[in-house]
Amino acid sequence: ATAHAATPKKPQVLNVAHRGASAYAPEHTMASYELGDKMKGDYIEIDLQMTKDGHLIALHDETLDRTTNGTGQVKDHTLAEIKQLDAGSWFNEQYPAYAKAEYKGLKVPTLDEVLKRFGKNKKYYIETKAPDIYPGMEEKLLCTLKKYGLTSKKSLRNGHVLVQSFSQESLLKMNRLNPDIPLVQLLWYDISGHISDEELNEVKQYAVGVGPNFDKIDRSYVQKVREHGLEIHPYTVNEKADMRKLIDWGVTGMFTNHPDRLREVLKEK
Ligand code: G3P
Ligand code: CA
């Protein structure tokens, strides 16, 4: 015991910059990630898709239509084709209050470029999206992480990488390929969220935590997950009142498009 033992240590709540600081800059562009970093998000969240020629890129949708001026499936386009696209102008049109001239013409980044830009001192929360249509995605992810020194014991111990997926199959594969990478099982509820002891015991076999949508869970859900010794990182929490409520319930992190707001809330206590 130390002389300061009477002061309880504040539990750490991870601030995950969802698609970067995506309320303020076009999601999954270098500008969005840079802003997430500047706003002191602990993690940059990256959704992965794979090009026709096998490159991992940072993009949320399986199609190019919503967040670029291209159309069609990512898997039907080469990286060279995708690099021609403008991944920023849509944001200026949709969110004029946050529009910036410099967002026009931003490129879709590869995972490789993001890891090169931020290096191994940053933390990455990476999602394997649609792994069923991208065979080999998990191997490529591991290979890219390794290239940037992010699979070393030290990096993993310090929490530099978390891999998340809605696909249990993808997480089990990651676990087989490298059992040292911490994994988070994403969950989605359309009605009141409930998780059984059996489900939690199963998740515990391969993951360190769960990531449910925040709007269908309650205090008892959070407590149950924590009692099983698992982390809980709900998504995507953008209002301060919701952030405060979830912190009070005992979540251990959350995804937000507003890492600046979460930082302010975390400073309140
Ligand atoms: O990864 C957490 C959250 O981002 C899951 O939903 O659709 O935004 O990737 P989505
Ligand atoms: Ca995601």
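Start at 1 and go down the list; that is how both ligands and their atoms are numbered.
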Query raised in the report: Does an N or O from His18, backbone or side chain, lie closer than 3.5 Å to an N or O of ligand 1?
Result: yes
Report task. Number the atoms of ligand 1 from 1 as they appear, then name those within less than 4.0 Å of a heavy atom of Lys129, with their elements. Result -> 7 (O), 9 (O), 10 (P)
Query raised in the report: What's the atom name of the N, O or S in Glu127 nearest to the Ca ion (ligand 2)?
Result: OE1
**Report entry** Salt bridge Lys245-Asp248, side-chain N to carboxylate O under 4.0 Å
**Finding:** no
Requested in this report: Quick one: sort the Tyr43 and Tyr125 rings into parallel, tilted or perpendicular, breaks at 30° and 60°.
Outcome: perpendicular
Query raised in the report: Is there a side-chain contact between Phe91 and Thr67 (heavy atoms, below 4.5 Å)?
Result: no
**Report entry** Sub-4.0 Å atoms of ligand 1 with respect to non-hydrogen atoms of Arg19
**Finding:** 7 (O), 8 (O), 10 (P)
Query raised in the report: Do His258 and Tyr24 have ring centroids that are under 6.0 Å from one another?
Result: yes
Query raised in the report: Do Asp86 and Ser89 have side-chain atoms, one donor and one acceptor, less than 3.5 Å apart?
Result: yes
Query raised in the report: Can a non-hydrogen atom of Phe166 be found less than 4.0 Å from any atom of ligand 1?
Result: yes
Report summary line: At the Ca ion (ligand 2), OE2 of Glu45 and OD1 of Asp47 open up to roughly (10° bins) 90°
**Report entry** Gln164 side chain to Glu45 side chain, donor-acceptor N/O pair below 3.5 angstrom
**Finding:** yes
Report task. Specify the protein heavy atom at minimum distance from atom 2 (C) of ligand 1: its residue, its atom name, and the distance to 0.1 Å. Result -> Gln164 OE1, 3.5 Å
Report task. Please write down residue, atom name and distance for the protein heavy atom closest to atom 10 (P) of ligand 1. Result -> His60 NE2, 3.3 Å
